[in-house]
Amino acid sequence: MFRLWLLIICAGSILGLTMGIRQGMGLFLNPISSHFGGGREAFALSMGLMNLFWGVAAPVAGAIADRYGPAKVAAAGGVAYAAGLLTMMVSNSTDQLLLGGVLVGFGLSGAAFTVVLGAVGRATPEHMRGRALGMVSVGGSIGQLVALPYIHTMIDGFGWLLALGVLSATALLIVPLAFGLSTRISESQPPNGEGILQALKSASIVPSFWLLNAGFLACGFHLAFIGVHLPGFLADKGFDTWLATAALATVGLTNLIGVYVCGLLGDIYAKKNVLSVLYLARTSLISMFFIAPVSEISVLLFSAGMGFLWLGTVPLTSGLVGSLFGTRYMSMLFGIVFVGHQIGGFLGAWVAGIAFDHFGSYDAMWLVSIGLGLLAAALHWPIQELRGVAHQPHTQGA
């Protein structure tokens with residue numbers, strides 16, 4: 001049990017660093033955009049590329065972690081993350097700013113959800129996997145809660161350049177923590193010695209696998225759009241910067257409860273049903289926020305509600321991958337599902353910048369967010385979750 005808790009603590013700490021810093025990047029939107037000029041599209045594209053390359057590289061990082069172990073992959077991710085933040089700090093052109101976003105994306109592919117949750121999923125017995133994944137995901141929420149006031153204070157006190165430098169050094173803490181992921185406790189093996197290519201082939205013929213991938217796109221879109229552009233949205237409404245920091249910190253605070261509750265619910269009810277309800281709840285919340293007058297109270301209430309639903313999709317989706325296909329190649333398979341999430345993240349960050357520069361508001365993006373939430377709820381409902389036969393993906397129906 002000690003070894004399991006050591007793994008959970010190290011995994012949660014890594015997610016706290018990766019997700020905390022990532023969530024705070026929206027606070028750099030206005031200062032970096034002002035520095036480079038030309039509107040918000042350049043920074044938005046940098047964040048979009050971060051999400052896109054995170055998603056594209058995630059299956060590769062997951063496959064390497066499944067084959068050679070997650071510790072070295074996560075450590076390399078920490079180095080790439082720090083290098084990306086440093087590149088953004090010293091950038092003298094938008095091309096260098098974009099390169100920084102790409103490097104951060106590569107870092108996240110090795111040191112965020114796919115590799116870290118894959119390590120925990122393999123080490124945890126089936127009956128408590130949802131709770132374990134939820135507890136590790138809580139680490140990401142704690143990181144958001146701590147990182148946002150930390151970043152806000154540095155930007156206000158020392159400027160955005162020094163703040164990025166300190167964050168780069170902070171990201172290097174991932175490297176020593178990564179070696180805590182080498183603990184292995186109870187790994188389930190694929191049937192008949194199934195190799196990595198056969199595991200991929202088996203998953204690819206199951207329609208539920210692709211429904212998960214498509215539905216996860218909405219989650220990435222929501223998180224990137226709100227995380228990157230909420231500070232700018234509130235600044236446009238005339239609110240002080242403290243409200244954006246408080247809003248994103250509130251997301252992290254309520255997510256502490258939400259990710260654990262969602263993981264626990266996934267151990268009790270069908271994960272795909274919990275996901276459908278979660279996306280419907282998100283859609284309702286975004287709709288009410290879009291319609292209601294914007295005030296400090298409405299922003300904080302919206303942030304509290306979204307926070308509860310923020311990363312709850314992660315233990316449910318990763319747990320569903322493990323339930324459907326076993327845990328031996330969980331990092332790789334979840335990495336492929338995660339591609340859909342990051343395509344959504346790319347679009348949510350970049351297109352929002354284009355839309356704002358073109359229309360002068362984010363109204364169109366809020367409407368697209370509502371539509372995608374409804375689509376995600378519909379896509380998850382028909383998924384065939386055959387509980388108790390996690391190692392027989394080839395037997396499932398559509």
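One-based numbering along the sequence shown.
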Would you say [Y] ends up clustered with [X] if hydrophobic residues are merged whenever their side chains have heavy atoms under 4.5 Å apart, either directly or through other cluster members?
X	Y	result
I64	V339	no
V115	L103	no
L167	M89	yes
Y150	L253	yes
F359	V294	no

Compare every heavy atom of [Y] with every heavy atom of [X], then report the nearest pair and how far apart it is.
X	Y	result
G307	T254	CA-OG1, 3.1 Å
A111	G78	CB-N, 4.1 Å
A132	I8	CB-CD1, 4.4 Å
S13	L177	CB-CD1, 3.7 Å
G20	I151	O-CD1, 4.4 Å
L278	G312	CD1-C, 4.0 Å

| What's the verdict on side-chain contact (heavy atoms from CB on, under 4.5 Å) for F216 and F338, showing C-alpha distance, side-chain angles and the deciding distance? | CA-CA 7 Å; F216 216 16; F338 198 66; 3.7 Å; yes
| said: L248 and side chain to side chain contact (heavy atoms under 4.5 Å, CB included): which single residue from P231, P149, S303 fits? | reply: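 Exactly one candidate clears the test, P231.
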Taking the side chain as every heavy atom from C-beta outward, state whether [X] and [Y] have any pair of such atoms under 4.5 Å apart.
X	Y	result
F43	N30	no
D240	L234	no
V102	M50	no
D357	I354	no
F302	I226	yes
V261	L265	yes
F308	V259	no
L45	L98	yes

Under a 3.5 Å distance rule, please check whether [X] uses its side chain to pair with a backbone N or O of [Y] as donor and acceptor.
X	Y	value
T124	G121	no
N51	Q342	no
R282	G373	no
K272	H380	no
W350	M47	no
Q23	M19	no
T18	L15	yes
S46	L97	yes

| task | Taking atom NE2 of H358 as the centre, report whether more than 12 heavy atoms of other residues, nucleotides or ligands fall under 6.0 Å from it. | result | no
| field | Check: H222 ring centroid to W310 ring centroid under 6.0 Å | value | no
| field | Pair W54 + F346: ring centers closer than 6.0 Å | value | no
| message | List the residues meeting ring-ring contact (aromatic ring centres under 6.0 Å, His included) with F221, not counting sequence neighbours, and say none if there are none. | response | none
| request: Determine, step by step, whether F325 and S202 satisfy the side-chain contact (heavy atoms from CB on, under 4.5 Å) criterion, reporting the C-alpha distance in whole Å, the side-chain angles of both residues, the deciding distance to 0.1 Å, and the verdict. | output: CA-CA 8 Å; F325 308 110; S202 297; 6.0 Å; no
| field | Working for ring-ring contact (aromatic ring centres under 6.0 Å, His included), residues W366 and F233 | value | CA-CA 11 Å; W366 290 114; F233 172 79; 5.5 Å; yes
Would you compute the distance between atom [atom1] of [X] and atom [atom2] of [Y] and round it to the nearest 0.5 angstrom?
X	Y	atom1	atom2	value
S34	L29	OG	CG	8.5 Å
M25	M88	CE	CE	3.5 Å
Y81	L108	OH	CG	4.5 Å
W381	S276	CH2	OG	6.0 Å
I383	L320	CD1	CG	6.0 Å
S91	F36	OG	CZ	3.5 Å

| Do we see a donor-acceptor contact under 3.5 Å between the side chains of Y362 and H229? | yes
| said: Just by distance, no angles: are the side chains of T245 and H152 close enough, under 3.5 Å, to form a donor-acceptor pair? | reply: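 Yes - a donor-acceptor pair under 3.5 Å links their side chains.
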| request: Decide yes or no on side-chain contact (heavy atoms from CB on, under 4.5 Å) for F209 and L324, but give the supporting numbers first. | output: CA-CA 9 Å; F209 182 68; L324 291 172; over 6 Å; no
| query | Which residue pairs satisfy the salt bridge (Lys or Arg N to Asp or Glu O under 4.0 Å) criterion with at least one member in residues 26-47, sequence neighbours excluded? | reply |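 Qualifying pairs: R40-D236.
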| Is there a side-chain contact (heavy atoms from CB on, under 4.5 Å) between L164 and S168 once you walk through the steps? | CA-CA 6 Å; L164 281 174; S168 176; over 6 Å; no
